[in-house]
**Student:** 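The structure's right below; bear with me while I get my questions together.
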Amino acid sequence: MPPMISTDYIEVAVTLPVNQTFVYGIPDALRVDACPGMRVLVPLGRRRVTGYILAEKKESGPYKTKDVLDLLDDYPLFPESDIAFFKWVAGYYIYPIGDTIKAALPAGLDCMDVSCAFVTVKGAQALEAGGLPHEEAGVLGLAAAKAGISLKSLSRRDPAGAAILRRLEKKDLVRISAVLKKETAGIKTEKFISLPKKTPSRQIRMSVKRHKILSIVREAGEISLTSLKRHVPTAPNLIKPLAQAGWLNVVSRRVFRDPLGEPVTPNTPPELTDEQAVVVKEIQTRADVFSPCLLVGVTGSGKTEVYMRLVADAVEKGRGAIVLVPEIALISQTERRFRARFGDKIAVIHSMLSQGERLDQWRKISLGKVNIVIGARSAIFAPIRKIGIIIVDEEHDYSYKQESGLRHNARDLAVVRAKMHNCPVVLGSATPSVQSCRNVVSEKFFKLELTRRVNNQTLPEITLVDMKKYQGSWGTDSIITPELGRGIRSCLEKGNQALIFLNRRGFSTFPVCASCGKTLGCPHCDVTMTLHKGEDHYKCHLCGHTLTSDIRCPDCGTGKIRNLGFGTEKIESMLKTLFPDARVARMDQDSTAGKGSTLSILRQIRNRTVDIIVGTQMLAKGHDFPAITLVGVICADLSLSLPDFRASERTFQLLAQVAGRAGRGEEPGRVIMQTFNPDHFTIKAARNQDYLEFFNHETPFRKALMYPPFSRMIQLKISGKNADKTRDHARLAADRLEQLNTREPKAQILGPIEAAIRKISSRYRWQILIKCVSSVNISRMVSAMVRDPAIQKVKSVSVVIDVDPYSLL
DNA sequence: AGCACGCCGACT
DNA sequence: GTCGGCGTGCTC
Ligand SMILES: [Zn+2]
Ligand SMILES: [Zn+2]
């Protein structure tokens with residue numbers, strides 16, 4: 001157990017966007033159980049909020065302190081040693097410390113006061129009598145129906161809601177009071193039943209059911225109520241009188257929810273290849289020092305086995321391990337293999353888990369029951385005490401970057417955390433990021449390689465098809481070229497599966513008015529709508545707004561819409577026409593929206609009940625499809641022309657990844673990539689599956705324009721509902737930055753510019769880009785800028801800081 | 001963030 | 001005259 005608080009005061013970080021911590025007094029009754037890493041309920045202003053104990057304090061400082069109201073944990077959620085890490089993260093990402101900790105912890109652990117309106121007796125009478133103004137009756141009815149309504153949810157419904165409520169309060173029809181909103185994730189307890197040591201003297205009537213229960217309990221020794229219910233469904237009612245008469249002992253105990261089914265028995269590791277053994281050895285010799293390693297291994301070269309050896313080795317030495325994997329729907333192949341190897345010694349943090357299940361995985365770690373964790377980006381915050389190794393699989397993957405809230409990059413944080421724990425960190429990939437390659441060149445990382453595939457599979461053969469040849473062709477040839485068509489046919493004739501990739505969903509992606517020529521745009525966003533035939537409407541992919549499929553042009557009022565442009569849904573229907581005997585399935589965000597649909601599509605692929613599978617990048621990651629021998633890429637350059645310095649890298653990674661889906665089984669694979677730019681270095685490098693070729697071509701561009709990894713970059717995203725106010729605020733922010741840009745080496749401030757997508761969900765968007773070779777200077781000036789009251793006080797415009805942005809769009 | 005305070009326009 | 005709008009500032 002960690003050291004308890006021994007002082008009269010504690011330092012607390014509250015979950016609010018404030019850049020400071022607060023000092024509270026701690027009553028003796030709470031102090032005996034309190035320690036850093038626990039949550040407390042504290043008064044702040046005139047409400048109660050959740051805070052995290054950071055440290056003990058001998059003095060209150062210059063403030064008049066308030067007392068902690070309650071201790072919300074009986075065991076710390078994170079070790080005291082992690083606080084330094086959280087502070088580092090908060091500083092680096094320029095994000096409030098309390099919010100940083102909240103983002104790091106499992107969700108649903110926040111309690112706070114929420115203002116709620118309750119209908120008074122007078123209000124109920126008034127509602128029944130009628131005669132109230134329409135809107136007042138509406139709000140009152142809502143509050144009555146829900147037995148109290150929070151002010152926040154009301155003003156979300158209707159911006160005028162708060163004003164109406166105040167009127168009602170004045171008339172004494174509602175009462176507004178603070179209600180403590182409890183955490184939504186909790187610890188699960190279960191009842192366990194056993195026989196008492198001595199048979200009770202008190203006799204009760206013994207029915208058949210009661211006898212049965214007693215005999216089951218006698219046999220089991222101790223049994224949970226849940227398993228007892230499986231034998232006797234009415235057990236909960238039956239045990240009560242038995243327990244009261246002393247015939248049974250019933251205790252409530254905390255349990256961990258097990259989301260992954262029955263625990264697996266650990267399997268035995270296979271023999272390592274010579275190459276694998278060398279890599280493992282190299283990293284093991286650096287076991288007790290911070291040593292970042294880039295492990296480049298072609299698909300199928302056995303990286304996962306190397307990871308598992310390193311993790312097992314760290315555990316043997318009494319230390320823990322963190323394994324990061326890309327975020328995908330369902331559990332990935334890598335996660336499954338780790339679980340098979342380490343059984344119940346490993347915690348799994350995955351987006352498919354419920355809040356409570358995630359909390360339990362976290363608690364298992366913080367209680368020291370397990371000291372290995374595998375999971376997507378949030379697992380980098382897992383409360384492992386003495387980390388012996390950190391693994392980042394597919395380190396180039398974009399899902400390591402969180403694109404909302406605390407915009408961290410888990411891959412970068414892995415390196416930081418490894419440094420704090422003096423341990424190796426292994427970044428593995430077949431196609432490493434430009435950033436990591438650069439770190440090898442600059443000798444920040446050392447590089448290890450796995451060049452041979454374990455079972456001697458051959459790498460897929462990749463051919464390019466120039467789509468320019470078929471521009472204006474008849475029928476479907478311009479989209480599914482004859483080369484790709486022939487490829488699919490021969491793949492199907494051999495009884496294999498084909499995967500067709502297009503990173504754009506929907507049926508028609510470019511609806512245009514036949515009479516005035518205007519595109520059909522979203523009324524809330526600055527993008528065109530997409531026709532979804534299955535759902536029979538036009539949909540905006542940014543805000544979700546829909547328009548009926550039979551709509552006339554809203555601009556001229558009469559024109560019919562011509563549905564140009566194509567997405568996965570259209571490719572699916574074209575393939576069904578071209579190959580009427582083939583079974584075609586589609587996997588994208590639309591086809592996997594329903595619960596269980598992802599699983600059912602994956603099962604179809606695995607059981608070979610589909611022949612052609614069309615999909616978006618969802619198909620590119622994490623799942624193994626052994627029967628796929630052909631991968632067709634409809635348009636390799638879709639993401640190439642985006643106005644973003646990482647467009648090439650993203651395209652290269654995506655193409656390399658999809659290509660890797662071909663030939664995972666016995667038969668060699670084939671990849672056909674259709675492109676308008678067959679001579680572009682990105683496409684060529686993807687065809688050659690050569691990350692170094694890509695790196696060598698991309699590096700000069702980045703260097704010339706001072707883009708990462710040759711500089712640090714921070715992007716400010718300024719948005720608001722009012723176009724003029726947003727623009728003015730963006731200009732103000734840029735002015736402040738210019739004023740703060742005094743230290744050498746100076747930063748380069750670009751903008752403000754209007755974002756490429758000028759409006760999303762009725763919010764106008766502006767951007768400022770800051771580049772600087774000095775990490776310290778760029779961080780200092782941006783922190784100072786956001787702390788400026790002139791910037792902070794304007795609440796109708798939001799300023800979001802994206803440190804090391806992945807995409808600038 | 002949320003909540004109160006305070007200062008100005010358009011209503012009784 | 002006040003009711004209620006929002007801009008400003010503070011929370012240990
Ligand atoms: Zn028109
Ligand atoms: Zn929209």
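Computed from a predicted model, the values in this text were never measured in an experiment. Each chain gets a letter, A, B and so on, in the order the sequences are listed, and its residues count up from 1.
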**Student:** Heavy atoms under 4.0 Å, any strand shown: does Lys57(A) hit a base, just sugar-phosphate, or nothing?
**Tutor:**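 Here Lys57(A) touches no strand at all.
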**Student:** Using whole Å, what does the distance between atom C1' of nucleotide dG9(C) and atom CG of Asp788(A) come to?
**Tutor:**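 Distance, rounded to whole Å: 14 Å.
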**Student:** Whole-Å distance between dC12(C) P and Tyr9(A) OH?
**Tutor:**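 Taking atom P of dC12(C) as the reference, OH of Tyr9(A) is at 14 Å.
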**Student:** Which part of the nucleic acid, if any, lies within contact of Glu11(A), taking any heavy atom under 4.0 Å across all strands shown: a base, the sugar-phosphate backbone alone, or nothing?
**Tutor:**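 No contact.
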**Student:** Check every strand shown and say whether Pro43(A) touches a base, only sugar-phosphate, or nothing at a heavy-atom separation below 4.0 Å.
**Tutor:**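 Result for Pro43(A) = sugar-phosphate.
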**Student:** Counting the atoms with a prime plus P, OP1 and OP2 as sugar-phosphate, which does Lys152(A) contact under 4.0 Å by heavy atoms, base, sugar-phosphate, or nothing?
**Tutor:**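 Result for Lys152(A) = sugar-phosphate.
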**Student:** Would you indicate, yes or no, if dG2(B) has its OP1 or OP2 atom less than 4.0 angstrom from a side-chain nitrogen or oxygen of Ser115(A)?
**Tutor:**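 Checking Ser115(A) against dG2(B): no side-chain N or O falls below 4.0 Å of OP1 or OP2.
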**Student:** Could you state the NE2-P distance from His729(A) to dG7(C), rounded to the nearest angstrom?
**Tutor:**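 It works out to 13 Å between those atoms.
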**Student:** Would you give the length of the straight line joining atom CG of Leu732(A) to atom CG of Asp788(A), rounded to the nearest 0.5 angstrom?
**Tutor:**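 One finds 7.5 Å between CG of Leu732(A) and CG of Asp788(A).
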**Student:** Tell me, please, whether Phe256(A) has Lys364(A) positioned over its six-membered ring: NZ or CZ under 6.0 Å from the ring centre and within 45 degrees of its axis?
**Tutor:**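 Geometry flag: set, cation within 6.0 Å and 45°.
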**Student:** Once you round it to whole Å, what is the distance between P of dC12(C) and CD of Glu56(A)?
**Tutor:**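 After rounding, the gap between these two atoms is 22 Å.
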**Student:** Testing the 3.5 Å rule here: is there a donor-acceptor pair between the side chains of Ser775(A) and Arg712(A)?
**Tutor:**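 Yes, a side-chain donor-acceptor pair sits under 3.5 Å.
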**Student:** Taking the side chain of Lys793(A) as its heavy atoms from C-beta onward, which of dG2(B), dC12(C), dT8(C) lies nearest to it?
**Tutor:**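 My answer, after comparing the listed nucleotides, is dT8(C).
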**Student:** Would a distance-only check, ignoring hydrogens and angles, find a side-chain to backbone donor-acceptor pair under 3.5 Å from Asp644(A) to Arg646(A)?
**Tutor:**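 Flag set: sc Asp644(A) to bb Arg646(A) pair under 3.5 Å.
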**Student:** Looking only at atom types and distance, does a side-chain atom of Tyr95(A) sit under 3.5 Å from a main-chain N or O of Ile801(A), one as donor and one as acceptor?
**Tutor:**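 No, Tyr95(A) side chain to Ile801(A) backbone: no donor-acceptor pair under 3.5 Å.
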**Student:** If you check every side-chain atom of Lys725(A), which of dT11(C), dG7(C), dG2(B) has the closest atom?
**Tutor:**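 Within the option list, the nearest is dG7(C).
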**Student:** Tell me the interatomic distance from Arg166(A), atom CZ, to dA4(B), atom P, rounded to whole angstroms.
**Tutor:**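 For the pair Arg166(A) CZ and dA4(B) P, the rounded distance is 10 Å.
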**Student:** Please state how far atom OH in Tyr63(A) lies from atom P in dC12(C), giving the value in whole angstrom units.
**Tutor:**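 After rounding, the reported distance stands at 11 Å.
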**Student:** Could you check how far CG of Asn19(A) sits from C1' of dC10(C), rounded to whole Å?
**Tutor:**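 Atom CG in Asn19(A) sits about 14 Å away from atom C1' in dC10(C).
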**Student:** May I have the distance from Ile97(A) (atom CD1) to dC12(C) (atom C1'), rounded to whole angstrom?
**Tutor:**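 Taking atom C1' of dC12(C) as the reference, CD1 of Ile97(A) is at 16 Å.
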**Student:** So which nucleotide from dG5(C), dT11(C), dG4(C) ends up closest to the side chain of Lys170(A)?
**Tutor:**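 Side chain of Lys170(A) sits closest to dG4(C).
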**Student:** The side chain of Arg46(A) is closest to which nucleotide in this list: dC3(B), dG2(B), dC12(C)?
**Tutor:**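 Out of dC3(B), dG2(B), dC12(C), the nucleotide with an atom closest to Arg46(A)'s side chain is dC3(B).
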**Student:** Side chain of Val18(A) only, please: which of dG5(C), dG4(C), dA1(B) is the nearest?
**Tutor:**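 The answer is dA1(B).
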